[in-house]
Amino acid sequence: MRREILCWLICCSSLIYGQGTDSSKMITLNDGWTFAQANTDKWLAATVPGTVHQDLLRHQLLPNPFYGTNEKKIQWVENEDWEYKSTFVVTAEQLACDGALMTFEGIDTYADIFLNGSLLIKTDNMFVGYSVPVKEVLRQGENKLHIVFHSPIKQTLPQWESNGFNYPADNDHHNKHLSIFTRKAPYNYGWDWGIRMVTCGIWRPITLNFYNIATINDYHVKQLSLTDQAAKLSNDIEINCISTKEEAVEIIVSCSLKGNTVATVRQGITLTPGKNKIQIPVEIQKPTRWMPNGWGDPTLYDFSIQMLLQNKVFAEKHHRIGLRTVRLINEKDKDGESYYFEVNGIPMFAKGANYIPNDALLPNMTTERYQALFRNIKEANMNMVRVWGGGTYEDNRFYDLADENGILIWQDFMFACTVYPADPTFLKRVEQEADYNIKRLRNHACLAMWCGNNEILEGLKFWGWKPRFAPEVYEQFYRNYDKLFRELLPAKIKELDDDRFYIHTSPYFAHWGRPDSWNTGDIHNWGIWYGKKSFETSDTELGRFISEFGFQSFPEMKTIATFAAPEDYQIESDVMNAHQKSSIGNALIRTYMERNFIVPKKFEDFVYVGLVLQGQGMRHCFEAHRRNRPYCMGTLYWQLNDSWPVVSWSGIDYYGNWKALHYQAKRAFAPLLINPIHENGNLNVYLLSDRLEKLTGLTLEMQLIDFKGKKLARKSIPVEIPANTSLKVFSRSLSEWANETLRKECFLQFILKDKSEHQLAQNIHFFVPTKDLTLPQTDIDCKVKTLEGRCEVILTSSRLAKDVFIQIPIQGAHFSDNFFDLLPNESRKIIITSPEIHKGEKPEITMKHIRETY
């Protein structure tokens, strides 16, 4: 029985996450659960999917872990065992089916699962789903399901005790680093932006499927070749037949686009008892390609497979498939070694961010939150997101939305920032995990590449681990690394997803402290922040692909108010420090602020200016990376989002509020961008284009304007820009534009127009840092019109109002724009949308600009 269960675990990823296996006979088992602390009899209602922390919070048995310093008060939960139980009814008709399969899509993590007195399985990996044949255990009428969760701390303490040393997992916020022994989301144990909540529970759904004859274990639509004339595909299908005799059945594979069938294949086959593997070729004429965001439509074809016996469907599956080619070009060239993505044969500059789990409690993620996440990603003109290796392999909804929105996914395996064991038991768990997730994700058009781990090889080489450990231990670290990332994982990729690129680590070779390595592969450039270098160093300290870099800020005040009281509004208060997991964070924000801004005295103003600082500094980096293509071909900043309300590197806070960083990313990632930059005493102007067509007949208008709106000088030049490139189109010495005094009192406005005088792009450039500008005092006139679900805000000012921040006390409200410069005598219309805005109710809208913080 144990061997059979393991077989199902390894091969049933498509079954678990498929889009339909005769769903009329499938029931969900998510209702009617209760839970209790082990060795007690205090059973309470539970929610599935969920975690024990969520259930305890719902019954007010835990304080809000996000508030104040309450994180300390919830740590006892991880040391306890917990039990969950439920009952469900099975009918005689259901029991008459040939087979019954119970599927646990997510069990966190060490659990014994019992059904009607029978031990179904012992689980030990959060990252896999388990499918177990249960026909012989089910009863007509009431059935009892009981799950005992073992503390992941107590479960692994014997491993730690017998290991002889403490692994260098310094993000594990416990003196005993137990996280590395468990195949569980590493960030649960704490991180330098994360709360420690070591969860357990039924974190994804449970289903029970009744079926006849056979099930489709796996359905892989494999792209063999793709040209403008034809797409040649193989439908690779794995079927488990539970009939005791051979069965002659018919298989129908069909493909449609927008409701119109484009290909159908009918084939008769004979199923033999046990596992059956078949391949059915399909060819699509004149295929429409899936394109990344900004290049075209992410076209998806609907594929389905049906199995019929005597013209009756007994099993089926569906996939949405995008036809495209993606290659990671990692080759030696005149500058070192390239690192860029080629999509449909075209080099793509990657624009995006690193994604961490969107909640400390993963089952809190709803479909609506996933949809909002991808609206935010797409609206910021991103085309790639890196799923970072210290979190989890994301829910199918995440990858479906990436497919639908044209967002490429760089997928890490879940290993980050520390070495790991490589004993036989651990390797077996990792192999099952890789098998499960590769099969689950490989049909997605969005999946661009697999990466073995985050920063482990860099840590081995440069993080000072060698003197901390005995020589034989340190040497074992390297052997373990090779077993996991140079042997096991690439072998699984070759076996299951051989046309997808795999790289064993990120950064690939380069290190931010070694300039001689910057011309090879990807780099995590932490010279800015940890190296305390200026944002301007990004103009010259370039990598081929910058897959991590970032700068922190506080979230805005309405988010801070959710975890702190007014008496805590000090940078170094106990509460602020509890929500700042980087030991140098708050002081470093001030250090950078002093370089470019007048540091405010009020806490609220410090928070606001810090947001502006983060956004402007990071935008400078984005533009530097784009400007220096094709040497540099990617910029993925750290980090897109938060998992709780915290001071961090994120561009979107826990409640979905955009920080200035996300607005600046949207501007810097625009398909067509005007980029002025000081270089060697000149003001040079570059046009950066991700458009796939050459643009001709353009006019670039440049105006020098003072802070009262007076136009001091004007220049207009004809320009054109080739497709998909960066091009310098204008240069003039700074002294020709304005003398040193005038540069503090004026700005340059750039507008790019086409032949029809239609504005294609615009930008504003200031000659000196904000602290050196002679900013005028000014009042902003604000007119508000409220409609159902939205309000329109029209702003005007007689003088420049720099970095205007509009605030509304509604979490997650969406602004059409924010953190912008309101130019003198300009009328600016901003749309704010939220379900909490109602017609006839005047929302509380406030504004702030830089001069008001002096």
Side-chain angles (χ1 to χ4, degrees), residues 226-229 286-299 322-331 333-335 338-352 378-384 405-408 445-446 448 542 544-546 619 622-636 665-677 684-701 717-731 750-763:
L226 177 64
T227 67
D228 291 340
Q229 289 72 42
K286 296 182 179 179
T288 302
R289 294 176 188 250
W290 182 94
M291 297 294 278
N293 184 35
W295 277 9
D297 294 330
T299 300
L323 304 176
R324 85 294 178 272
T325 59
V326 178
R327 294 199 305 150
L328 177 58
I329 310 300
N330 186 208
E331 300 172 344
D333 60 18
K334 64 182 180 62
D335 297 311
S338 67
Y339 199 102
Y340 67 91
F341 291 89
E342 180 190 85
V343 183
N344 293 322
I346 307 168
M348 184 192 81
F349 189 96
K351 303 177 296 186
K378 186 174 182 179
E379 191 173 336
N381 297 305
M382 296 181 180
N383 55 26
M384 177 171 278
N405 287 280
I407 307 300
L408 288 161
C446 65
L542 290 156
R544 308 304 301 272
F545 191 110
I546 295 85
R619 178 176 177 176
F622 303 151
E623 293 177 345
H625 300 160
R626 288 190 69 187
R627 184 172 63 250
N628 284 281
R629 66 176 299 172
Y631 178 85
C632 176
M633 285 296 288
T635 180
L636 305 181
K666 177 181 178 180
R667 294 167 191 144
F669 290 163
L672 189 59
L673 178 67
I674 306 166
N675 176 216
I677 183 73
N684 295 334
V685 182
Y686 292 78
L687 292 181
L688 315 179
S689 177
D690 292 328
R691 300 272 186 91
L692 296 184
E693 70 280 0
K694 180 179 180 180
L695 301 177
T696 60
L698 309 181
T699 301
L700 179 63
E701 295 181 355
I717 61 170
V719 295
E720 62 179 39
I721 181 168
N724 207 25
T725 194
S726 164
L727 182 68
K728 184 167 72 174
V729 297
F730 183 76
S731 180
F750 298 87
I751 299 176
L752 184 65
K753 295 181 178 179
D754 62 16
K755 296 175 182 177
S756 303
E757 293 291 303
H758 175 69
Q759 181 175 308
L760 301 178
Q762 68 88 31
N763 204 351

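Numbering of residues begins at 1 and proceeds along the displayed sequence.
- Listed here is the closest heavy atom pair of R691 and S689: N-OG, 3.1 Å.
- The closest donor-acceptor contact from the side chain of N330 to the backbone of Y340 lies at 3.5 Å or more, if one exists at all.
- In this structure, R629 forms no cation-pi arrangement with F349, as its terminal cationic atom is not both closer than 6.0 Å to the ring centre and no more than 45° off the ring axis.
- Of the possible donor and acceptor atoms, none in the side chain of N383 sits under 3.5 Å from a partner among the backbone N and O of A350.
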(message) Between W290 and L323, is the side-chain contact (heavy atoms from CB on, under 4.5 Å) condition met? List the steps.
(response) CA-CA 5 Å; W290 182 94; L323 304 176; 5.8 Å; no
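- Counting heavy atoms from C-beta on, the side chains of R626 and N675 never come closer than 4.5 Å.
- Between F669 and F622, the two ring planes are tilted [angle within 30° to 60°].
- Side chain of N684 to main chain of K728: no donor-acceptor pair is present (N/O by atom type, distance under 3.5 Å, no hydrogens or angles).
- N381 places a side-chain N or O within 3.5 Å of a backbone atom of K666 that can act as its donor or acceptor partner.
- Qualifying side-chain hydrogen bond (donor to acceptor under 3.5 Å, both in side chains) partners for T696, counting only residues two or more places apart in sequence or in other chains: none.
- No side-chain heavy atom of N293 sits less than 4.5 Å from a side-chain heavy atom of P298.
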(message) One pair to check against side-chain contact (heavy atoms from CB on, under 4.5 Å): I674 and V685. What are the steps and the verdict?
(response) CA-CA 7 Å; I674 306 166; V685 182; 3.9 Å; yes
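- Judged by distance alone, the side chain of R324 and the main-chain N or O of V343 form no donor-acceptor pair under 3.5 Å.
- Taking the ring centre of Y631 as origin, the terminal cationic atom of R544 falls inside the region bounded by 6.0 Å and 45° from the ring axis.
- Within the structure, every pair that satisfies the salt bridge (Lys or Arg N to Asp or Glu O under 4.0 Å) test and touches residues 289-299, not counting sequence neighbours, is listed here: D228-R289.
- With respect to E757 and K753, a salt bridge is recorded, a charged nitrogen being found less than 4.0 Å from a carboxylate O.
- Rounding to the nearest 0.5 Å gives a distance of 8.0 Å between OG1 of T699 and CG of L752.
- Judged purely by atom type and a 3.5 angstrom limit, T227 uses its side chain to pair as donor or acceptor with the backbone of Q229.
- Residues that satisfy the salt bridge (Lys or Arg N to Asp or Glu O under 4.0 Å) test with E331, not counting sequence neighbours, are absent from this structure.
- Each of V326, L408, D690 was checked for a side chain to side chain contact (heavy atoms under 4.5 Å, CB included) with M348, and the lone residue meeting it is L408.
- In terms of heavy atoms, C446 sits closest to I407 at CB-O, 3.2 Å.
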